[in-house]
Amino acid sequence: MSKSANRKPSARQEQNTEMWKVVAFPIAAPPRTYLTPAEVDQLMAAARARGRYGHRDATMILIAYRHGLRVSELVALRWDQIDLKIGRIHIHRLKDSESGPHPLSGPEIRALGRLKKDRPGRHVFMTERDAPMTRSGFLKMLKSAAAAAGLVDVHPHLLRHACGYKLVNDGVDTRTIAAYLGHRNIQNTARYTAMSATRFNNLWQD
């Protein structure tokens with residue numbers, strides 16, 4: 001064997017080799033922007049199984065999702081805003097959004113009726129100390145439920161976005177969604193239309 005065959009590469013050759021190596025950098029996953037209806041169901045099931053306040057916690061997730069509530073609007077909800085007999089809830093919006101009445105579905109009426117019977121008080125969602133649930137309390141509960149359901153990057157505002165995306169994917173028009181979520185500026189609603197999975201359906205009639 002020749003001496004050249006055993007010769008080690010020079011420092012310059014090693015440097016050139018290093019220059020051509022492909023380094024694979026990890027790509028960060030995009031932040032979660034909303035929850036799907038199936039994921040909301042998972043959250044509710046996980047919250048319901050958490051213990052003695054499971055029904056309250058699952059109902060909070062349900063009401064926040066169905067009505068696109070911000071967490072401050074959710075924890076401030078009072079019984080005088082709700083009429084279970086006619087199935088109506090008055091949504092008091094914050095951040096200069098438009099307030100107004102929403103209908104309540106059968107599952108909501110039943111869940112709220114049980115909650116009112118179990119823990120009567122001025123506010124709908126009460127703690128074990130008979131005080132209104134706090135923003136931090138709801139966040140902590142939601143994080144625990146998400147972890148139990150195997151979901152990551154979950155925070156309360158995703159429930160509001162989940163409502164908007166669900167409605168637009170169901171074919172509800174943008175102005176109705178804007179009114180339902182209390183948007184004064186319809187541009188705030190356009191994000192849901194842009195992400196709709198059905199926005200281009202039936203453009204071609206072959």
Side-chain angles (χ1 to χ4, degrees), residues 34-35 37 39-146 154-167 172 175-185 188-189 192:
Y34 67 101
L35 295 162
E39 288 173 330
V40 174
D41 287 342
Q42 288 179 271
L43 278 176
M44 289 176 56
R48 193 175 291 111
R50 290 185 69 245
R52 59 186 297 198
Y53 296 106
H55 177 71
R56 177 203 64 188
D57 296 343
T59 303
M60 291 188 80
I61 294 172
L62 175 66
I63 298 300
Y65 167 59
R66 288 288 182 93
H67 301 282
L69 298 182
R70 300 177 179 92
V71 64
S72 295
E73 297 165 351
L74 178 68
V75 298
L77 194 62
R78 303 185 313 272
W79 284 115
D80 60 13
Q81 296 173 247
I82 296 173
D83 190 326
L84 295 177
K85 290 182 179 180
I86 65 172
R88 288 290 183 273
I89 178 173
H90 181 82
I91 304 299
H92 178 65
R93 297 290 187 190
L94 302 176
K95 293 190 175 182
D96 198 35
S97 297
E98 293 186 343
S99 302
H102 283 189
L104 287 170
S105 64
E108 293 174 85
I109 292 172
R110 290 189 291 274
L112 288 168
R114 175 181 164 184
L115 195 64
K116 189 173 186 179
K117 181 180 179 180
D118 291 345
R119 296 193 67 82
R122 185 184 180 198
H123 285 82
V124 177
F125 303 111
M126 305 286 287
T127 68
E128 59 184 359
R129 298 181 179 180
D130 291 326
M133 174 68 88
T134 64
R135 287 168 51 94
S136 61
F138 180 69
L139 174 61
K140 183 178 179 181
M141 179 277 292
L142 192 67
K143 289 287 187 182
S144 296
V154 173
H155 56 83
H157 207 66
L158 292 184
L159 292 168
R160 178 169 166 83
H161 289 329
C163 177
Y165 286 118
K166 170 66 165 59
L167 293 177
V172 179
R175 291 192 178 278
T176 298
I177 298 172
Y180 191 77
L181 295 177
H183 290 160
R184 291 184 183 274
N185 186 347
N188 294 328
T189 319
Y192 304 120

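Throughout, numbering of the chain's residues begins at 1 and tracks the sequence.
Side-chain atoms of L35 and V154, non-hydrogen and from C-beta on, do get closer than 4.5 Å to each other. Looking at E98 and R93, their side chains never come closer than 4.5 Å, going by heavy atoms from C-beta outward. Counting only heavy atoms from C-beta outward, the side chains of R160 and L74 never approach each other to under 4.5 Å. At a threshold of 4.5 Å between non-hydrogen side-chain atoms, the residues S97 and L181 do not count as touching. Between M141 and I61, some side-chain heavy-atom pair lies under the 4.5 Å cut-off. Counting heavy atoms from C-beta on, the side chains of Y65 and K166 come closer than 4.5 Å.
Nearest heavy-atom pair, I86 versus D83, reported as atom, atom and distance to 0.1 Å: N-OD1, 3.3 Å. Residues P101 and H90 come closest through the heavy atom pair N-ND1, 4.0 Å. Nearest approach of F138 to V71, heavy atoms of both residues: CD2-CG2, 3.5 Å. Taking all atoms of both residues into account, the shortest heavy-atom contact from P156 to L139 is CD-CD1, 3.6 Å. G87 and I109 make their closest contact through CA-CD1, 3.8 Å (heavy atoms, listed as atom of the first residue, atom of the second, distance). Closest of all the heavy-atom pairs between T59 and F125 is CG2-CE2, 4.0 Å.
If you take CZ on R52 and CG on D118, they are separated by 11.0 Å, rounding to the nearest 0.5 Å. The structure places NE2 of H183 at 10.5 Å from NZ of K95, a figure rounded to the nearest 0.5 Å. The line from CZ of R110 to CZ of R114 is 12.5 Å long, rounded to the nearest 0.5 Å. Atoms CD and CE, on E39 and M44 in that order, are 14.0 Å from each other to the nearest 0.5 Å. Here the CG-CG distance, from L112 to L104, works out to 6.0 Å after rounding to the nearest 0.5 Å. Distance CH2/W79 to CG/L115: 5.0 Å, rounded to 0.5 Å.
Here the side chain of R184 pairs a donor or acceptor atom with the backbone of D96 at under 3.5 angstrom. At distances below 3.5 Å, not a single donor-acceptor pair connects side-chain atoms of Q81 with backbone N or O atoms of I89. Put simply, the side chain of E108 never gets that close to the backbone of I63: no donor and acceptor are under 3.5 Å apart. Checked by atom type and distance alone, the side chain of K116 never pairs as donor or acceptor with a backbone atom of V124 at under 3.5 Å.
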Requested in this report: Apply the test side-chain contact (heavy atoms from CB on, under 4.5 Å) to residues L167 and C163: give CA-CA distance (whole Å), side-chain angles for both, the deciding distance (0.1 Å), then the verdict.
Outcome: CA-CA 6 Å; L167 293 177; C163 177; 4.0 Å; yes
Report task. Check the pair K143 / K140 against side-chain contact (heavy atoms from CB on, under 4.5 Å), numbers first and verdict last. Result -> CA-CA 5 Å; K143 289 287 187 182; K140 183 178 179 181; 5.9 Å; no
Report task. Give the C-alpha distance, both sets of side-chain angles, the deciding distance and a yes or no for side-chain contact (heavy atoms from CB on, under 4.5 Å) between H67 and E73. Result -> CA-CA 10 Å; H67 301 282; E73 297 165 351; over 6 Å; no
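Within the structure, side chain to side chain donor-acceptor pair (under 3.5 Å) pairs that include any residue of residues 123-136 comprise S72-R135, R119-D130, T134-S136 (at least two apart or interchain).
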